[in-house]
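Below is one structure, written out as structure tokens; comments come after it.
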Amino acid sequence: MTRHVPRRTESAEAPAPRHQIGDGFLQDFRADGYAVLPQKIAGDSLGALRTEADALIRRFTQDGYRSDDYWHFTPAGTDSPVLYRIHNLENQGTPAATRIYADDGPLHPTAATILGGPVRATACAMIVKLPGVAAPVPWHRDRTNVPPHTVFNLSIFLDDSDVGNGCLEFVPGSHLASDAEEADALQAQGPVRTLPLSAGDIAVHDVRIAHASRRNTSPRIRRSIVIEFAPAELELP
């Protein structure tokens with residue numbers, strides 16, 4: 001079962017080396033399909049990512065910028081688009097995020113430890129749940145065309161996340177289900193576990209796991225940077 005570490009206050013000190021993770025984390029990740037690295041991003045590093053996120057969101061909401069990388073929806077009965085995801089974050093003029101995604105990024109040693117060998121980052125995006133208007137993310141599985149424990153998403157949380165602002169929810173162990181199992185069916189079988197996190201925490205989940213998030217009903221934003229990692233030699237379908 002995933003071990004939930006008590007929340008700690010943000011520190012201005014440099015975080016510990018990213019590749020130092022315990023056996024408990026690896027056991028949780030392999031058994032449950034997800035696990036948490038608490039307070040791995042802090043101080044100036046976290047502040048720089050938040051500043052970049054603020055600028056990108058203002059670019060959409062205030063400056064009216066639109067592109068294929070900025071995913072949004074328009075709620076029924078309104079004409080106000082709601083931003084919910086920015087793809088190809090490394091191409092958006094965000095040096096702090098780009099450094100994390102780059103081949104020599106600071107989180108790559110951690111990813112290599114989790115997968116047990118050389119890795120590459122294959123995608124980078126920012127998830128945005130705007131206060132009061134963000135829609136739920138339906139139950140889904142990111143990929144089922146790779147074996148368990150092969151490809152994972154690493155999510156850096158820029159804000160505190162709980163049920164009110166749409167934290168992640170998982171069906172533990174569902175990454176081991178057959179490729180044909182639908183996420184809704186896995187959710188119905190349960191159990192479903194919510195994953196509240198603090199800003200600076202990192203959640204890691206197998207791309208095969210069934211997961212979702214609720215709409216943001218709170219006055220608080222919820223943002224995370226998601227990087228997909230795969231073995232360096234693996235050609236993804």
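Count residues from 1 along the sequence. Just so it is clear, the values below take in all heavy atoms, side chains as well, and ignore hydrogens, waters and symmetry mates.
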**Prompt:** About how many Å separate CG of Asp32 and CG of Asp206, when rounded to the nearest 0.5 Å?
**Reply:** 11.5 Å
**Message:** side chain to side chain contact (heavy atoms under 4.5 Å, CB included), that's the test. Do Tyr84 and Val128 meet it? Break it down for me.
**Reply:** CA-CA 5 Å; Tyr84 65 92; Val128 181; 5.5 Å; no
**Asked** Roughly how far apart are Arg193 CZ and Leu168 CG, rounded to 0.5 Å?
**Response** 15.0 Å
**Message:** By the side-chain hydrogen bond (donor to acceptor under 3.5 Å, both in side chains) test, which pairs, at least two apart or in different chains, include something from residues 178-192?
**Reply:** Asp179-Arg208
**Message:** Any side-chain to backbone donor/acceptor pair from Arg50 onto Leu158? Under 3.5 Å, distance only.
**Reply:** yes
**Prompt:** So which of Leu56, Thr98, Ile227 actually passes side-chain contact (heavy atoms from CB on, under 4.5 Å) with Leu89?
**Reply:** Leu56
**Message:** Which heavy atom of Ala203 sits nearest to which heavy atom of Leu195, and what is that distance?
**Reply:** CB-CD2, 4.1 Å
**Request:** State which residue, out of Leu49, Ile225, Leu154, fulfils the side-chain contact (heavy atoms from CB on, under 4.5 Å) condition with Ile100.
**Result:** Leu49
**Contact summary for Pro81 and Thr74, nearest pair of heavy atoms** = CA-OG1, 3.8 Å
**Inter-residue atom distance Phe229.CZ - Tyr101.OH, 0.5 Å rounding** = 9.0 Å
**Asked** Are the side chain of Glu90 and the backbone N or O of Ala125 linked by a donor-acceptor pair below 3.5 Å?
**Response** no
**Message:** Looking at every heavy atom in both Asp201 and Pro38, which two are closest together, and how far apart are they?
**Reply:** OD1-CA, 3.4 Å
**Asked** Is there a donor-acceptor contact under 3.5 Å linking the side chains of Asp69 and Asn91?
**Response** no
**Path from Tyr34 to Leu186 over hydrophobic side-chain contacts below 4.5 Å** = no
**Prompt:** For Tyr65, does its backbone N or O pair with a side-chain atom of Asp63 as donor and acceptor, under 3.5 Å?
**Reply:** no
**Prompt:** Hey, is the main chain of Asp160 close enough, under 3.5 Å, to the side chain of Asn165 for a donor-acceptor pair?
**Reply:** yes
**Request:** Kindly indicate whether a cation-pi arrangement holds for Arg66 with Phe60, taking the cut-offs as under 6.0 Å to the six-membered ring centre and within 45° of the axis.
**Result:** yes
**Asked** Taking the side chain from Asn216 and the backbone from Arg220, do they hold a donor-acceptor pair closer than 3.5 Å?
**Response** yes
**Message:** For His205, run the ring pair (Phe, Tyr, Trp, His ring centres under 6.0 Å) check against Phe152, Phe29, Phe170 and tell me which one passes.
**Reply:** Phe170
**Request:** Output, in order, the C-alpha distance, side-chain angles, deciding distance and verdict of side chain to side chain contact (heavy atoms under 4.5 Å, CB included) for Val82 and His72.
**Result:** CA-CA 5 Å; Val82 175; His72 59 277; 5.7 Å; no
**Fill in**
Rounded to the nearest 0.5 Å, the OG atom of Ser155 sits from the CG atom of Leu197 at a distance of 9.0 Å
**Prompt:** Checking Lys40 side chain against Ile156 main chain: does a donor-acceptor pair fall under 3.5 Å?
**Reply:** no
**Item:** Reported CD1-to-CD1 distance for the pair Ile114 and Ile21, which is rounded to 0.5 angstrom
**Value:** 4.5 Å
**Prompt:** Which is it for Lys129 and Asp159 under the salt bridge (charged side-chain N to carboxylate O under 4.0 Å, His left out) test, yes or no, and what are the steps along the way?
**Reply:** CA-CA 10 Å; Lys129 281 187 166 288; Asp159 310 287; over 6 Å; no
**Request:** Please test Glu52 against Met126 for side chain to side chain contact (heavy atoms under 4.5 Å, CB included), starting from the C-alpha separation and ending with a verdict.
**Result:** CA-CA 11 Å; Glu52 290 180 352; Met126 183 169 71; over 6 Å; no
**Prompt:** What are the two closest heavy atoms between Asp162 and Gly164, and how far apart are they?
**Reply:** OD1-N, 3.0 Å
**Complete:** The single option from Phe73, Trp71, Tyr70 that satisfies side-chain contact (heavy atoms from CB on, under 4.5 Å) with Leu83 is Tyr70
**Message:** Give me the atom names and distance for the closest heavy-atom approach of Cys167 to Ser213.
**Reply:** O-CB, 3.4 Å
**Item:** Arg215 side chain vs Gly132 backbone, donor-acceptor pair below 3.5 Å
**Value:** yes
**Request:** Output the rest of the hydrophobic cluster of Leu234: all Ile, Leu, Val, Met, Phe, Trp and Tyr residues reachable through side-chain heavy-atom contacts under 4.5 Å, sorted by chain and number.
**Result:** Val146, Val151, Val207, Leu236
**Request:** May I ask you to decide if the ring planes of His140 and His211 are parallel, tilted or perpendicular, using 30° and 60° as cut-offs?
**Result:** tilted
**His108 side chain vs Ala102 backbone, donor-acceptor pair below 3.5 Å** = yes
**Request:** Just do the side chain to side chain contact (heavy atoms under 4.5 Å, CB included) check on Ile41 and Phe157 with the steps written out, would you?
**Result:** CA-CA 9 Å; Ile41 305 291; Phe157 278 79; over 6 Å; no
**Item:** His175 side-chain N/O to Arg30 backbone N/O, donor-acceptor pair under 3.5 Å
**Value:** yes
**Fill in**
Interatomic distance, CG@Leu26 vs OG1@Thr113, rounded to 0.5 Å, equals 7.5 Å
**Prompt:** Is there a path of hydrophobic side-chain contacts, each under 4.5 Å between heavy atoms of I, L, V, M, F, W or Y residues, that connects Ile202 with Ile127?
**Reply:** no
**Test item: Glu169 side-chain N/O and Ala210 main-chain N/O as donor-acceptor pair under 3.5 Å** = no
**Asked** Would you say Asp103 has more than 12 foreign heavy atoms packed within less than 6.0 Å of its CG?
**Response** no
